[in-house]
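Each remark here refers to the structure printed beneath this line.
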Amino acid sequence: MTLVSIIVPCYNEQESIPIFYQRVDDILEKFKQQREDLSWEYWFVNDGSSDETLKQMTYLQVGHPDQVHYVNFSRNFGKEAALLAGLKQAQGDYVAVMDADLQDPPELLPTMIETLTTSDYDVVETQRIDRSGEPWLRSKLSQAFYHVINGLSLVKIRPGARDYRLMTRQVVQAVIDLPEVNRFSKGIFSWVGFKAKVLTFDHRDRVAGNTHWSLRQLLAYSLEGIMDYSEVPLSIASWLGGLSFVAAILGMIWIVIRALLFGNPTAGWPSLVTIILMLGGLQLLCLGILGKYVSKIYLETKRRPQYLIKEKR
Ligand code: UDP
Ligand code: MG
């Protein structure tokens with residue numbers, strides 16, 4: 001038998017869960033007619049939802065006790081934590097990660113399973129190629145994000161890359177084995193490497209509910225991603241310091257020459273104040289960047305678990 005585990009992080013998805021289950025199960029049942037060795041299990045992770053999400057999971061679990069499992073967190077720990085919890089629980093030879101809102105098309109699952117079981121690929125990734133359903137500002141900002149992170153970091157992330165993917169047990173183990181507390185899945189998946197095939201699809205809307213990401217959260221998430229996978233911001237400090245040092249030397253030389261040639265009339269207070277402000281600002285910026293990295297080190301050294309499980313079934 002080939003067992004496929006499907007991991008679904010859920011935060012306030014009471015309406016999506018039953019629809020999700022129905023759609024995915026229909027597709028896999030149909031696929032099973034060609035692949036008789038196929039079996040599958042679900043791992044729903046309730047990430048501290050405040051609605052009836054847990055009830056929906058329990059309901060499915062009672063109806064299909066061998067196939068449907070769930071993990072219930074003690075509070076909201078974020079999607080990254082929910083993904084990790086699911087990966088750790090999954091028993092499958094192949095593990096899929098999917099959003100509950102059906103924005104990750106389950107019709108791709110048969111192709112993904114077929115690819116991994118019949119070729120030497122280790123991962124099938126997905127990429128959303130058209131962002132038409134998204135607000136203009138958001139898609140521009142996310143383009144900028146991919147540009148920056150791919151420029152600053154050795155880890156490359158494809159624009160529009162989704163977390164939706166199917167992995168072999170070996171890849172899942174590699175992801176779980178990374179001990180870091182600050183987890184940025186897009187970076188981790190890219191960092192572990194392995195041979196990956198990419199499937200593309202067009203944007204689709206949520207079946208129910210609303211997105212949990214505000215623009216501010218997305219910006220914070222992008223910054224985290226960049227800092228987790230790049231040391232370049234740290235060297236900004238040295239570069240800015242070096243540049244202003246050179247500028248100061250040039251300025252001094254210019255002042256001496258000017259004094260020799262034209263004398264020294266008392267002038268230039270406004271420019272002086274601007275320069276002081278500018279240098280002060282640069283110093284604060286660099287301190288801030290440094291501080292962000294220090295706080296990440298602080299969080300890592302605490303070695304706190306990424307999530308707490310209240311119950312599991
Ligand atoms: N999610 C989660 N914890 C959170 C936020 C989101 O588990 O704190 C789940 C959510 O239920 C969904 C997936 O992560 O299954 C993606 O979230 P969402 O659809 O809101 O993101 P978007 O598709 O808008 O980027
Ligand atoms: Mg979504």
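Since we're looking at a predicted model, the values are computed, not measured. In listed order, ligands and their atoms are each counted from 1.
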### Task
Determine the sole option in T58, N46, T53 for which the side chain to side chain donor-acceptor pair (under 3.5 Å) test with N72 is passed.
N46
### Query
With a 4.0 Å heavy-atom cut-off (strictly under), which part of V8 contacts ligand 1: side chain, backbone, both or neither?
neither
### Message
Check this for me - ligand 1, N210, N or O atoms closer than 3.5 angstrom, yes or no?
### Response
no
### Query
Atoms of ligand 1 less than 4.0 Å from N76 heavy atoms?
4 (C), 8 (O)
#### Entry: Validation row, ring centre H64 to ring centre Y21 under 6.0 Å
yes
### Message
Is the terminal nitrogen or CZ of R75 (NZ for Lys, CZ for Arg) located under 6.0 angstrom from the six-membered ring centre of F77 and within 45° of that ring's axis?
### Response
yes
### Query
Aromatic rings H69 and W43: how do their planes relate, parallel, tilted or perpendicular, breaks at 30° and 60°?
parallel
### Task
Could you tell me the residue and atom name of the protein heavy atom closest to atom 22 (P) of ligand 1, and the distance to it rounded to 0.1 Å?
T211 OG1, 3.8 Å
### Summary
Residue, atom and distance of the protein heavy atom nearest atom 3 (N) of ligand 1 read D47 OD2, 2.6 Å
### Summary
For atom 21 (O) of ligand 1, the closest protein heavy atom turns out to be W213 CD1, 3.2 Å
### Message
Please state which option from M98, E80, K79, R138 has its nearest heavy atom closest to atom 14 (O) of ligand 1.
### Response
K79
### Task
Report, as yes or no, whether the 6.0 Å neighbourhood of atom NZ on K302 holds more than 12 heavy atoms from other residues, nucleotides or ligands.
yes
### Message
Tell me whether K186 is salt-bridged to E80, with the criterion being a basic N under 4.0 Å from an acidic carboxylate O.
### Response
no
### Query
Has D101 got an N, O or S atom lying less than 2.8 Å from the Mg ion (ligand 2)?
yes
### Message
I'd like to know if the side chain of T2 pairs up with that of D37 as donor and acceptor (distance under 3.5 Å, no hydrogens or angles considered).
### Response
yes
#### Entry: Distance in Å, L219 CG paired with R138 CZ, rounded so as to fall on 0.5 Å steps
9.5 Å
### Task
Any atoms of ligand 1 less than 4.0 Å from a non-hydrogen atom of C10? List them with their elements.
7 (O), 11 (O)
### Summary
Quick note on ligand 1: atoms under 4.0 Å from a heavy atom of D101 include exactly 19 (O), 23 (O)
### Message
Give me the nearest non-hydrogen protein atom to atom 18 (P) of ligand 1 as residue plus atom name, then the distance to 0.1 Å.
### Response
R206 NH2, 3.4 Å
### Message
Would A82 count as a polar contact of ligand 1, with the cut-off being nitrogen or oxygen pairs under 3.5 Å?
### Response
no
### Shortest protein heavy-atom distance from atom 15 (O) of ligand 1, along with the residue and atom involved
P9 O, 2.8 Å
### Query
Any idea which protein heavy atom is nearest atom 23 (O) of ligand 1, and the distance to it?
Q103 OE1, 2.7 Å
### Message
Below 2.8 Å, can you find an N, O or S atom of Q103 next to the Mg ion (ligand 2)?
### Response
yes
### Query
What do you reckon, is CD of E107 surrounded by more than 12 foreign heavy atoms closer than 6.0 Å?
yes
### Query
Which of the atoms of ligand 1 are close to G78, meaning less than 4.0 Å from one of its heavy atoms?
3 (N), 8 (O)
### Message
Just to confirm my output: which protein heavy-atom neighbour is closest to atom 16 (C) of ligand 1, and how far is it?
### Response
D99 OD2, 3.2 Å
### Query
Are more than 12 heavy atoms from other residues, nucleotides or ligands located less than 6.0 Å from atom CG of N210?
no
## Note on the structure
d(S119 OG, K197 NZ) to nearest 0.5 Å is 7.5 Å
### Query
In the protein, which heavy atom is nearest to atom 11 (O) of ligand 1, and how far is it?
E13 OE2, 2.6 Å
